[in-house]
Amino acid sequence: MSAKGDTPEKGKDFIRQIIDRDLEDGKYGGRVHTRFPPEPNGYLHIGHAKSICLNFGIARDYQGKCNLRFDDTNPVKEEIEYVDSIREDVRWLGFDWDANPFASDYFEKLYCIAELFIKMGKAYVDHQSADEIRATRGTLTEPGIDSPYRDRTPSENLDQFRRMRAGEMKDGECILRARIDMSAPNVMLRDPALYRIKHADHHRTGDAWCIYPMYDFTHGLSDAIEGITHSVCTLEFENNRPLYDWCVDTLMAGLKHPELFGRHADIYNELAALPGFNQRPYQFEFARLNITGTVLSKRKLIQLVREGHVSGWDDPRMPTICGFRRRGFTPESIRDFCDRIGVAKADSTVEYALLEHCLRQDLNERAPRYMGVLDPVKLVIENYPEDQVDEFTIPLHPEDESFGARTVPFSRELWIERADFMEEPPKKFFRLGPGREVRLRAAYYVTCTGYEKDAEGRITEIRATYDPATKGGWSDDGRKVKGTLHWVSARHGLKAEIRNYGNLFTTDNPNAPGEGKTFIDLVNPDSLEVLPECRVEPAIRDMPAGTNFQFERTGYFCADLRDHRPGENLVFNRTATLRDSWAKIQKQIGK
RNA sequence: UGGGGCGUCGUCAAGUGGUAAGACAUCAGGUUUUGGUCCUGACAUUCGGGGGUUCGAGUCCUCCCGCCCCAGCCA
């Protein structure tokens, strides 16, 4: 009941409140069992992370269980590649499952339950075409029309259904339908399909089946089979809940008639022994996650990949788990984000700024600091001896000594950031300009004595003098230097490629493109900026791929998981910039 | 126009009839060898709107308005 430690008791989300109540009522004998049920037809994205954190988080908080169940009932859309990636992503997020079943594991049981429904008069085989069924389903305001096959006898239906399984019918020739109510105001209840014929190989069961159960039939019954107590899904399934209940209730009712199982006494015994027999699961729905500036629908993500707008599912601009991983996000930051956004029933769009905040907060604590110059321009220290080298020992983290320190060489010629120099700086500019003095981070104070430009007016070299008395970057003679610049020794610096990522879309809401447009029209053509000529300090040379770190004053970066080669080819992804109050000032004085 | 949901600060979101939490964002200061971090302060007389019940309503009743979901042999 109480939050751990000194964290203030935050109001629990409505699902946990329901669980608390169920626990008090003794509804499941103290059991809490959830599941995360992805269909293996795409990669997981941050919307899934919300669901994962909710379902696995509930299991953790209540000492319950959470299954990872693959909802693989449509063989033409599902692939083993996705199964592997989903497992990897769930683990990376920091969760582990209690069981990892596939709905396809239950095909035999589900088939048996379908026969049970038929014997109970709750399902029938309909030979109408898909078009006919659509035409007779009615509309939102008009009831549907009963199928001419609706009143076939159970034995006739049984015979037909067995022929379906035996492969005697072609795809689409007939389906098994629930016998509910063609005039139900909820369209979901107008005799929905339970089984369809698909002569297609399944990624796990191969050619063992040519009929496959539909989602609604499969999902609730799988929950019951696994003893799930709280089946948490998103809002769009709210209309399906009565059907979920119908399937589970019909099974419960059927279980009271062992004789209906005939030669399948073994399956009856198995089902009747399940915890779900007397403690049936209930479905609860919460609002799915939306984030500004991105899309979170599998269809759209797959389109971005297939049409080549991004390099793949793990493109660092993608809101997929693997995309965020490659970008340099930590699992902790994503979990923190999911904790903060809450769980409710109102449609909502969370600002990307919150995710970025969670990221920066985590990275600020854990990222070691280095110096790297993204857009280098030469700085020559005129009074620094040609052959001299200083070696500065600089802490890897300004607030945490346990990080230790690295050694950074300093010499006469340095690289500094082009943006750190202005020929005619405005008053609020604290950096280098003619005659100005700044601090080179942890090294010396330097004063600009001049600069050179090429024919196009581009700065080619900046000249300065240093003050040897300021070694280490400090002087206690009362001199004020407002600006501190990062730098890399030209002679010692390493070349690196840096990839800066911007918004994938040109608008905050790519889900609402204007008249006659699609979200693809809103893809930002400038969302990737590759800087192949960056210079970084030598301490980074052997950094392993996947390492998070900060380039001081610039941002958080991550050695790329695919292309970075320690010691050979340095490739860094910009995970996020640092907050930049200078950029704000620039905007203000620009106006 | 049938059914199912949802409307509390720019964005999320607590609140469960007793007098509007918190976070992000924003703005204003302070500290600072990262214009980072950190710290301080400001930020909903009002809960989609109107009636009503009540000593008391964001919470209850009622009418209205707006938004989302459903007519796949997808999940």
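Here is how names work: the chains are called A, B, and so on, in the same order as the sequence lines, proteins then strands, and each is numbered from 1.
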A.B. asks: Holding to side-chain hydrogen bond (donor to acceptor under 3.5 Å, both in side chains), I want the full list of residues that pass it with A:Arg163, two or more places apart in sequence or in another chain.
C.D. replies: A:Asp159
A.B. asks: Among residues at least two apart in sequence or on other chains, which ones pass side-chain hydrogen bond (donor to acceptor under 3.5 Å, both in side chains) with A:Tyr444?
C.D. replies: A:Asp390
A.B. asks: Tell me which residues in residues 477-484 of chain A put a heavy atom below 4.0 Å from RNA chain B, sorted by number, or none.
C.D. replies: A:Thr484
A.B. asks: Indicate, with a heavy-atom threshold strictly under 4.0 Å, whether A:Lys298 touches base, sugar-phosphate, or nothing.
C.D. replies: nothing
A.B. asks: Mind checking what makes side-chain hydrogen bond (donor to acceptor under 3.5 Å, both in side chains) contact with A:Ser104, not counting sequence neighbours?
C.D. replies: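 With sequence neighbours excluded, A:Ser104 shows a side-chain hydrogen bond (donor to acceptor under 3.5 Å, both in side chains) to A:Asp72, given in chain and number order.
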A.B. asks: Scan A:Arg441 against the nucleic acid and name what it touches under 4.0 Å (heavy atoms): base, sugar-phosphate only, or nothing.
C.D. replies: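 Touches a base.
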A.B. asks: For A:Asp508, check side-chain hydrogen bond (donor to acceptor under 3.5 Å, both in side chains) against everything at least two apart and list the hits.
C.D. replies: none
A.B. asks: How would you label the contact of A:Ser581 with the nucleic acid (heavy atoms, under 4.0 Å): base, sugar-phosphate, or nothing?
C.D. replies: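 Sugar-phosphate, no base atom in range.
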A.B. asks: Under the side-chain contact (heavy atoms from CB on, under 4.5 Å) rule, collect the residues that match up with A:Ala539, sequence neighbours excluded.
C.D. replies: A:Tyr370, A:Arg406, A:Glu537
A.B. asks: Enumerate all atom pairs, one protein N or O and one N or O from nucleotides 1-4 of chain B, separated by less than 3.5 Å.
C.D. replies:
unit_1: B:G2; atom_1: N9; unit_2: A:Leu140; atom_2: O; d: 3.1
unit_1: B:G2; atom_1: N2; unit_2: A:Pro185; atom_2: O; d: 3.4
unit_1: B:G2; atom_1: N3; unit_2: A:Leu140; atom_2: O; d: 3.1
unit_1: B:G3; atom_1: N2; unit_2: A:Asn239; atom_2: OD1; d: 2.8

A.B. asks: Can you list every salt bridge (Lys or Arg N to Asp or Glu O under 4.0 Å) pair that touches residues 286-302 of chain A, not counting sequence neighbours?
C.D. replies: A:Glu236-A:Arg288
A.B. asks: Hey, could you give me each pair passing ring-ring contact (aromatic ring centres under 6.0 Å, His included) that has a residue in residues 338-369 of chain A? Not counting sequence neighbours.
C.D. replies: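 As it turns out, there is no ring-ring contact (aromatic ring centres under 6.0 Å, His included) pair with a partner in residues 338-369 of chain A once direct neighbours are skipped.
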A.B. asks: When we call it a touch if two heavy atoms are under 4.0 Å apart, what does A:Gln128 touch: a base, just sugar-phosphate, or nothing?
C.D. replies: base
A.B. asks: Any residue in residues 166-183 of chain A with a heavy atom nearer than 4.0 angstrom to RNA chain B? Just list them by number, or reply none.
C.D. replies: A:Gly172, A:Ile175
A.B. asks: Enumerate the residue pairs fulfilling salt bridge (Lys or Arg N to Asp or Glu O under 4.0 Å) with a member in residues 476-485 of chain A, sequence neighbours excluded, ordered by first and then second residue.
C.D. replies: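 For residues 476-485 of chain A: A:Glu437-A:Arg479, A:Asp467-A:Arg479, A:Asp477-A:Arg479.
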A.B. asks: Enumerate the residues from residues 343-353 of chain A whose closest heavy atom to RNA chain B is under 4.0 Å, giving them by residue number; use none for an empty result.
C.D. replies: A:Val343, A:Ala344, A:Lys345, A:Ala346, A:Asp347, A:Ser348, A:Thr349, A:Val350, A:Glu351, A:Ala353
